[in-house]
Amino acid sequence: MAYQIQFLNVVPMILTFLCMGGCWAKKNEIVRFDLPYAATLDNVIPVAIIGSGPAGLSAALYIARAGINGLVFAGPTPCGQLTQTTFIENWPARDKVLGADLMKSLKRQAELFGAKIVQDSVIQADFSIWPYVLTTEEGLEVKALSVIIATGATPKTLGVPGEKKFWGKGVTTCAVCDAPFFKGKHVIIVGGGDSAAEQVFELAPYVKQVTVLVRGSSMRAAQVLQDRVMSYENVAIEYNKQILGIYGDDGGVKVVEVKDVNTGIIEKKSVDGVFLAIGHIPNSQLFKKNLPLDSFGYLIMRGRTQQTLIPGVFAAGEIQDSLYRQAAVAAGEGIKAALDATSFLYELGFKDKIGKQLEKNFLETFSHEKKELLDISTLDEFMTHVMNKPGLVLVDFYKENCPGCIRMIPTLESLAHQLEGKISIVKSNTSLSRPIRYYCRDKLGLAIKSVPTIFIFKDGKFMERTNLIMSKKEMRAFVEQYL
Ligand code: NDP
């Protein structure tokens, strides 16, 4: 009964009464924790982890080390926001490490201990019945004895005219992905936090000029980062500047309209790229019906554990932390959430034997079949496999370490398997395929300014392009219109 008492302390606001034998009450519903019954169901996982940033993967590592099956839904940004930064210098015991490399090692470490990571996103969560029910973008329904929410946050956008229109055509939030496309150009960075500073470090070596537009009278980035920003000769910082609109033509962004908030003077600046670094919004939309959020959308937690207001549902990282928002803190919280989830399961009576019983009915669901994509880098290869190839061809322009690309490649591999014989899907690393990019820009009028960029050709004729990050279902519908 220990867990019942703990829940009573932890969830007094929504628990209206507590019943004997393992249950909790939420308004008019009673949720029963009937483990022997749950063990007879299909597709039950002991711990579902939603999100694969530092919080999600650290939780996965600890769950795996406890010998419990954990399934991580990698979500729309596999390995999280750190993949979009450059070097991390404040990860304890590491002097300097690339964000993407750090996350690769964390993922590998979790997988080494047995964590299962799937390239799918949870789109619905029902915490009114137990095991809790999660539905994914790819249409799977998974039942979870416990859930760790580690969905992090998404970069904010400005909401000014032209931002949507030029998204992927000069407007972006990912300097790590897109910096090489702006060689010798003038770009602006909007924002004055650590992320803006990080974007400077990524862009300054490539571009002719970086202008950082800070809306207030000072930057809020750590002083050490600000000092480094100032050390670049091609970087200028303008304070009290607000961006009003983004304008351009078929070739992409050309001009931004900027207002000086002190003087009210509006000027037009010629620029080729707009990099946004204006903070983040917690990814809590999915939970707003189930769990209380604060006015900024962060999950409300109870006490010093990672317990949400629902027993067996834990949260870690930026989804519930508006204060510290550091990757190392998120990792620590992921570990705490894993320990909390482990205690929760053991207090329910979870044993290794039950874990094995569940495993039999579960893991096969996730053995997705894939077809490896041909990687093309020379113009000859482009002519052979795209321009002169009969039928439908999809070309995915990607870059290593670009989070959107990392997400799209497994989706396309899976689609290549499903639609074998109907479509040919190839990929091209933009860092290695300059002749192909120049041919697309100069001969086909198809400049690539952002990754991932996907082109569809039919019988050598260009049909459509997209920069959208799509699920397998969406991508299938997108290509099927040309089949
Ligand atoms: P922050 O919230 O710290 O900074 C956002 C910046 O954008 C602020 O300068 C803010 O201005 C500005 N801003 C917000 N909205 C607008 C708008 N509509 N128009 C113009 N400017 C706007 O976000 P970050 O993404 O930089 O950082 C988030 C967290 O991640 C922080 O805790 C940071 O420390 C951490 N981080 C750590 C890194 C590292 O350690 N290497 C790297 C990157 C991030 P104002 O100041 O006026 O509010």
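When a ligand or atom number is given, it counts from 1 through the structure's own listing order.
The salt bridge (charged side-chain N to carboxylate O under 4.0 Å, His left out) pairs that include a residue from residues 207-216 number zero, where partners must be two or more places apart or lie in different chains. Identified under the ring-ring contact (aromatic ring centres under 6.0 Å, His included) test for residues 156-184, with sequence neighbours left out: Phe182-Phe275.
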Apply side chain to side chain contact (heavy atoms under 4.5 Å, CB included) to residues Lys268 and Leu244 and explain how you reach the verdict. CA-CA 10 Å; Lys268 284 192 164 52; Leu244 299 181; over 6 Å; no
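For Glu233, the salt bridge (Lys or Arg N to Asp or Glu O under 4.0 Å) criterion is met by no residue, not counting sequence neighbours.
Sorted by chain and number, the heavy-atom contacts of ligand 1 below 4.0 Å come from Asn90, Lys156, Leu158, Val190, Gly191, Gly192, Gly193, Asp194, Ser195, Glu198, Arg215, Arg220, Ala277, Ile278, Gly279, His280, Tyr324, Arg325, Gln326.
Classified by interplanar angle (parallel below 30°, tilted 30° to 60°, perpendicular above 60°), the ring pair Tyr132/Trp130 is perpendicular.
Remark: Glu163 does not engage Lys165 in a salt bridge, criterion side-chain N to carboxylate O under 4.0 Å.
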